[in-house]
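Fair warning: this is a prediction, and the values are worked out from it, not measured in the lab.
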Amino acid sequence: MIEGRANELPDFQVFQTVIKYCLIIIVVPVLSFFSAKSVLFDGILRLEPITSSVYSAVVAVVVLHVTLGLYIYRAYSDSEKSERPKPVKKD
Amino acid sequence: MSAENPIYGPFFGVMGAASAIIFSALGAAYGTAKSGTGIAAMSVMRPELIMKSIIPVVMAGIIAIYGLVVAVLIAGSLDSPSNNYTLYKGFIHLGAGLAVGFSGLAAGFAIGIVGDAGVRGTAQQPRLFVGMILILIFAEVLGLYGLIVAIYLYTKQ
């Protein structure tokens, strides 16, 4: 069915966007926790183990909220775009 | 083994690490499931709103990440009593784990119920979306308070 095919493309784009943002939200904070701990706080600044853990936890939580904010912004701006009134077809 | 660091000292720390992730995951699971039923019911009629309505699920997932962070912190400083793991440290770790765990449980419940009602309502009236996001953020912040208290407790040793 051609009409159905035509409708599938935006669905796939939505799926791609959601998967991309979900992976970012899950992976990036965990990566930032361990990379900030091992590279920045333990490697460069040479802090105590407890202090470096706490600072990298704070970094991870901040990064988490930034990515969540990006997702909310994207969802909000996307739907604003798509909710423009479409021309209504009348017979 | 002295009175300061007895053999059962790490038990409290281990229970703290476990309860941090267990109760946070419980709250996050409830939030995901409750708002997921709302999304499933709403998407039948308004499938273009799925992207917007995933937000409660993502926020419930963040609650579990709070618990994960504290559990990893506690597990990183667990040790055997002979390596100077005092009973006081065990109590601190138990308190930190319970703080983030039960705050996460409460926040997950709030996110689930608000997400369910908010997602169903957004399908009828799109302007509700801003209100839903605000209420979700205030529910999420409850878990963040627990995380802050847990990290503050964790540094006291």
Where does A:Thr17 contact chain B at under 4.5 Å (heavy atoms): side chain, backbone, both or neither?
-> side chain

Measuring heavy-atom distances to chain A, does B:Leu144 have an atom under 4.5 Å in its side chain, in its backbone, in both, or in neither?
-> side chain

Among B:Ile62, B:Val130, B:Ile50, the residue with the most heavy-atom pairs under 4.5 Å to chain A is B:Ile62

Under 30°, 30 to 60°, or over 60°: which ring-plane class applies to B:Tyr30 and B:Phe109, parallel, tilted or perpendicular?
-> parallel

Examine whether an atom of B:Val70 lies under 4.5 Å from a heavy atom of chain A, and if so say whether it belongs to the side chain, the backbone or both; otherwise answer neither.
-> neither

Do any N or O atoms from the side chain of B:Tyr154 and from the backbone of B:Leu73 form a donor-acceptor pair under 3.5 angstrom?
-> yes

Pairs of heavy atoms under 4.5 Å with chain B: top-ranked of A:Leu68, A:Val18, A:Ile25 | A:Leu68

Side chain / backbone / both / neither for B:Leu147 at chain A, heavy atoms under 4.5 Å = side chain

Could you tell me whether the side chain of B:Ser24 and the main chain of B:Ile21 form a donor-acceptor pair under 3.5 Å?
-> no

Honestly curious: do B:Tyr145 and B:Ile151 fall in one hydrophobic cluster under the side-chain, below-4.5 Å linking rule?
-> yes

Proximity breakdown for A:Ile72 and chain B, heavy-atom pairs closer than 4.5 Å | both

Assign the ring pair B:His93 / B:Tyr85 to parallel, tilted or perpendicular, where the plane angle (0 to 90°) is split at 30° and 60°.
-> tilted

Cation-pi check, A:Lys37 to A:Phe33: give yes when NZ or CZ is under 6.0 Å from the six-membered ring centre and within 45° of the ring axis, no otherwise.
-> no

Using non-hydrogen atoms and a 4.5 Å limit, figure out which bit of B:Val72 sits close to chain A: side chain, backbone, both or neither.
-> side chain

